[in-house]
Amino acid sequence: MKPSKLYSNRPATFAPVEFQPELNVVLAEIRLPENRDRDTHNLGKTTLGRLLDFGFLAGRDAKFFLFKHLDRFEEFVFFLEIELFDSTYVTVRRSVAEASKIAFKKHAARHQDFSTLPDLEWDHVDVPFDRAKELLDSLLDWRALKPWHYRKGLGYFLRSQEDFRDVFHLRKFANSHADWKPFLAHILGFDAELLVQHYAKEDALKEKEQKASTIRQELGGEIEDAGKIDGLLLLKRQEVDKKQKLLDAFDFRSQDKADTKQLVDQVDERIAELNQRRYSLSHSRKKVIASLEEDQILFNPDDASELFREAGVLFSGQIKRDFQQLIAFNKAITEERRGYLVEERAEIEAELKTINAELNSLGRRRSELLAFLSSTDSFAKYKHLSGELVTLRADIESLERQREFVHRLQQLRTDIRTLAEEKTHLQAAIEADVEAKNADEGSLFSRIRLFFNEIVEDVIDQKALLSVVVNQAGHLDFRAELLDDAGNATSADRGFSYKKLLCIAFDLAVLRAHLDDAFPRFAFHDGVFESLDDRKKENLLGVIRRYTALGLQSIITLIDSDLPPRAESEPVFDSSEIVVSLHDEGDSGRLFKMKAW
């Protein structure tokens with residue numbers, strides 16, 4: 001439920017931190033004038049949140065300060081005491097040197113010191129890391145998070161400075177929306193299973209579409225109609241049977257007849273057509289070339305001058321152009337005509353090239369057929385027919401392979417249609433669920449958005465709206481916006497200080513809405529008052545105190561310059577609330593009593 005104590009095996013360097021059930025303040029004092037204008041002070045207020053995450057079994061990251069500076073921290077062993085739902089406690093032991101071997105001990109009293117406890121007295125020792133996370137998950141028993149693991153939403157309640165950049169998308173989440181949006185929808189009270197299924201259908205649909213695209217590439221633009229392929233196979237197999245019977249009987253009269261028919265009806269007829277077309281094209285090409293060689297202007301200035309003199313009597317003052325203009329005009333027409341002729345010549349020559357290639361192929365085929373028909377050598381005919389049979393069987397094998405591809409493609413298309421339909425149904429169900437939860441004033445989401453607005457309004461006297469909508473792809477979009485007096489979203493939430501406020505308000509609102517559930521009951525917020533004016537700091541502190549009074553534990557860090565102004569006789573925090581005091585006067589003022597790294 002709540003962190004209770006954080007300590008190590010080296011208390012002289014890292015002093016124990018005993019957390020209170022309600023408000024816990026990590027206060028850093030900047031005593032040296034030269035440090036007051038600095039953005040960072042390396043005192044350790046942010047580091048405390050990272051150590052809590054380490055105790056909650058964060059994965060090993062080479063950039064994490066304990067491992068990045070292994071020479072300094074290799075000898076450290078950390079202990080995190082956590083209060084459970086039944087008011088008992090569990091202490092998690094984790095060393096830096098062997099960070100993947102975890103020990104656990106349950107106990108009844110709080111604020112224990114097990115730093116010297118021998119292994120025999122621990123309940124579980126050297127538990128492998130993945131198994132240790134499962135064991136801690138069962139001990140914490142945050143059932144309201146199920147089916148997700150306890151670490152999934154921990155980032156909302158251990159907010160570092162990097163996690164204030166976005167209210168919903170934490171730094172630890174993967175880029176894929178499927179990694180975090182269903183979980184967030186779940187803790188907000190929506191039917192997350194619909195989202196999980198929708199993302200799964202979407203992934204399956206993309207996979208099927210990719211496979212279909214690959215098969216189409218393999219077909220290379222060939223036939224995609226299975227019926228046509230089956231028809232071609234039937235004809236090819238029939239022809240194979242015929243030729244096989246001829247070979248078996250060693251009688252080539254039928255083949256001679258078929259080849260003669262093919263020679264007359266197909267080959268010779270096609271050669272005649274192509275020759276006629278080639279003659280026509282050659283004649284046209286000759287005329288085009290002749291026209292291109294006539295490099296002259298089809299306009300006689302003398303004739304035009306005589307025409308103008310005669311026309312001047314009848315149309316005086318109407319004709320404005322002089323002879324040179326007309327000549328230039330005629331040249332333009334001639335150049336345009338020349339361009340068309342060049343284009344026509346290119347088209348004719350391309351077609352002639354194609355015709356010549358086909359004629360060459362038909363000529364070879366004609367020679368083969370004539371040679372077969374004129375041959376009296378039965379063995380030569382047998383050999384020729386056998387070659388055709390091999391070619392036919394190769395064609396059949398290719399068609400069968402192609403048919404297999406087409407059948408797979410047809411099945412994929414059927415699967416794609418089914419998945420698309422199921423995805424559409426899921427999207428409709430998601431939209432109905434979101435609409436119902438938005439409309440229901442008693443829903444978990446409605447309560448969270450009311451708490452969210454209440455916190456923001458109490459701090460900055462401005463309304464805020466938490467909304468969830470379904471986009472065109474069927475995914476949820478989460479929004480947290482500040483509203484003006486007319487209820488329109490403003491750009492104020494884009495500033496970092498207000499963005500941080502929205503993050504804090506969201507975390508507290510979610511925690512409050514789940515107070516009656518098996519759910520975390522603590523929140524760590526780093527630099528909670530930074531960039532707020534004094535009145536808003538007082539308002540936010542009032543909200544935090546009110547929420548701790550409800551049973552939520554709040555751990556906040558701040559620098560003394562961010563404290564709201566008070567008289568010395570009226571301190572902002574009680575001494576019992578300040579669990580860690582830091583300062584910039586030497587190593588003794590840091591969280592770790594050593595030189596900064």
Side-chain angles (χ1 to χ4, degrees), residues 143-149 151-153 155-156 166-227 402-440 443-446 448-449 465-481 489 506 510 513:
R143 278 164 282 172
L145 297 181
K146 301 303 180 187
W148 282 273
H149 197 266
R151 284 205 56 84
K152 192 65 177 178
Y156 290 115
D166 191 285
V167 175
F168 310 106
H169 191 183
L170 300 176
R171 176 176 47 93
K172 61 177 284 187
F173 288 150
N175 290 328
S176 170
H177 288 180
D179 177 64
W180 60 276
K181 282 193 173 183
F183 170 78
L184 182 57
H186 174 70
I187 64 175
L188 290 177
F190 296 100
D191 190 345
E193 182 58 28
L194 292 175
L195 270 71
V196 172
Q197 293 179 21
H198 185 270
Y199 278 116
K201 295 293 181 188
E202 192 172 57
D203 290 343
L205 186 59
K206 288 179 181 177
E207 183 182 354
K208 296 287 186 183
E209 288 173 342
Q210 181 60 44
K211 287 182 178 179
S213 176
T214 302
I215 289 176
R216 282 194 293 270
Q217 290 176 2
E218 290 175 351
L219 285 171
E222 296 182 21
I223 304 169
E224 293 187 15
D225 182 1
Q402 188 176 343
R403 182 178 62 176
E404 182 182 349
F405 280 135
V406 170
H407 284 169
R408 285 173 58 193
L409 185 59
Q410 289 178 334
Q411 182 58 51
L412 283 169
R413 286 170 176 166
T414 301
D415 294 342
I416 288 170
R417 287 193 297 270
T418 302
L419 287 169
E421 185 178 353
E422 292 173 349
K423 180 173 171 284
T424 300
H425 290 324
L426 283 168
Q427 181 171 340
I430 291 169
E431 290 170 350
D433 178 60
V434 170
E435 183 179 355
K437 300 296 170 53
N438 274 305
D440 182 4
S443 69
L444 176 63
F445 178 62
S446 292
I448 290 174
R449 71 197 316 187
L465 178 63
L466 190 67
S467 58
V468 177
V469 297
V470 184
N471 61 29
Q472 291 184 345
H475 303 154
L476 295 191
D477 285 339
F478 303 92
R479 301 170 187 167
E481 302 167 309
F506 176 77
V510 170

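For the single chain, residues carry numbers from 1 onward in sequence order. In this text, all values refer to a predicted model and were calculated from it rather than measured experimentally.
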A.B. asks: Which atom pair, heavy atoms only, marks the closest approach of Lys152 to Asp179?
C.D. replies: NZ-O, 2.6 Å
A.B. asks: List in chain and number order the residues that pass side-chain hydrogen bond (donor to acceptor under 3.5 Å, both in side chains) with Glu207, two or more places apart in sequence or in another chain; answer none if no residue qualifies.
C.D. replies: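 For Glu207 there are no side-chain hydrogen bond (donor to acceptor under 3.5 Å, both in side chains) partners, ignoring immediate neighbours.
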A.B. asks: Would you compute the distance between atom CD of Glu202 and atom CG of Leu426 and round it to the nearest 0.5 angstrom?
C.D. replies: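 It is 11.0 Å, given to the nearest 0.5 Å.
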A.B. asks: Not counting sequence neighbours, which residues clear ring pair (Phe, Tyr, Trp, His ring centres under 6.0 Å) with Phe506? List them please.
C.D. replies: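 With neighbours one apart ignored, the set is Tyr156, Phe168.
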A.B. asks: Could you tell me which non-hydrogen atom of Pro182 sits nearest to which non-hydrogen atom of Val196, and how far apart they are?
C.D. replies: CB-CG2, 3.8 Å
A.B. asks: Return the set of residues passing salt bridge (Lys or Arg N to Asp or Glu O under 4.0 Å) with Glu422 (not counting sequence neighbours), or none when no residue passes.
C.D. replies: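 Testing Glu422 for salt bridge (Lys or Arg N to Asp or Glu O under 4.0 Å), a comparison that skips the adjacent residues, returns Lys201.
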A.B. asks: For side-chain contact (heavy atoms from CB on, under 4.5 Å), just list the numbers for Phe183 and Leu145, CA-CA rounded to whole Å, side-chain angles, deciding distance to a tenth of an Å, and then say yes or no.
C.D. replies: CA-CA 8 Å; Phe183 170 78; Leu145 297 181; 3.9 Å; yes
A.B. asks: Stepwise, does the side-chain contact (heavy atoms from CB on, under 4.5 Å) test hold for Leu419 with Lys208?
C.D. replies: CA-CA 9 Å; Leu419 287 169; Lys208 296 287 186 183; 3.7 Å; yes
A.B. asks: Kindly write out the residues that satisfy side-chain contact (heavy atoms from CB on, under 4.5 Å) with Gln210, not counting sequence neighbours, or none if the list is empty.
C.D. replies: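 If we apply the side-chain contact (heavy atoms from CB on, under 4.5 Å) test to Gln210, skipping adjacent residues, the hits are Thr214.
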A.B. asks: Holding to side-chain contact (heavy atoms from CB on, under 4.5 Å), I want the full list of residues that pass it with Glu421, two or more places apart in sequence or in another chain.
C.D. replies: His425
A.B. asks: Using ring pair (Phe, Tyr, Trp, His ring centres under 6.0 Å) as the criterion, list what pairs up with His475, not counting sequence neighbours.
C.D. replies: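 His475: ring pair (Phe, Tyr, Trp, His ring centres under 6.0 Å) contacts with His198, Tyr199.
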A.B. asks: Between the main-chain N or O of Lys146 and the side-chain N or O of His186, is there a donor-acceptor pair closer than 3.5 Å?
C.D. replies: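 Yes: the side chain of His186 pairs with the backbone of Lys146.
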A.B. asks: Tell me the closest heavy-atom pair linking Ala480 and Val167, and the distance in Å.
C.D. replies: CB-CG2, 4.1 Å
A.B. asks: Identify the two heavy atoms, one from Leu205 and one from Ala420, that lie closest to each other, and give their separation to 0.1 Å.
C.D. replies: CD1-N, 4.1 Å
A.B. asks: Do Leu444 and Leu188 touch side chain to side chain, with heavy atoms closer than 4.5 Å?
C.D. replies: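 No, every pair of side-chain atoms sits at 4.5 Å or beyond.
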A.B. asks: Between side-chain atoms of residues 429-438 and protein atoms elsewhere (two or more places apart, or another chain), which donor-acceptor pairs fall under 3.5 Å?
C.D. replies:
{"residue": "Glu431", "atom": "OE2", "partner": "Gln427", "partner atom": "NE2", "Å": "3.4"}
{"residue": "Asp433", "atom": "OD1", "partner": "Lys437", "partner atom": "NZ", "Å": "2.9"}
{"residue": "Asp433", "atom": "OD2", "partner": "Asp191", "partner atom": "N", "Å": "2.9"}
{"residue": "Lys437", "atom": "NZ", "partner": "Gly189", "partner atom": "O", "Å": "3.1"}
{"residue": "Asn438", "atom": "OD1", "partner": "Arg449", "partner atom": "NH1", "Å": "2.9"}
{"residue": "Asn438", "atom": "ND2", "partner": "Val434", "partner atom": "O", "Å": "2.9"}

A.B. asks: Taking the side chain as every heavy atom from C-beta outward, state whether Leu184 and Phe190 have any pair of such atoms under 4.5 Å apart.
C.D. replies: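 When only atoms from C-beta onward are counted, Phe190 and Leu184 do not touch, as no gap falls below 4.5 Å.
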A.B. asks: Only counting residues at least two apart or in another chain, list the ones meeting side-chain contact (heavy atoms from CB on, under 4.5 Å) with Arg479.
C.D. replies: Ser467, Val469, Asp477, Glu481
A.B. asks: Could I get the full list of side-chain hydrogen bond (donor to acceptor under 3.5 Å, both in side chains) partners for Ser443, not counting sequence neighbours?
C.D. replies: Ser446
A.B. asks: So do Lys181 and Phe478 actually touch side chain to side chain, heavy atoms under 4.5 Å?
C.D. replies: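 A side-chain contact exists here, since the closest heavy-atom pair is under 4.5 Å.
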A.B. asks: Can you sort out the partners of Lys423 under side-chain hydrogen bond (donor to acceptor under 3.5 Å, both in side chains), two or more places apart, ordered by chain and number?
C.D. replies: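 Lys423: no side-chain hydrogen bond (donor to acceptor under 3.5 Å, both in side chains) contacts found.
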A.B. asks: Thr424: which residues meet the side-chain hydrogen bond (donor to acceptor under 3.5 Å, both in side chains) condition with it, sequence neighbours left out?
C.D. replies: none
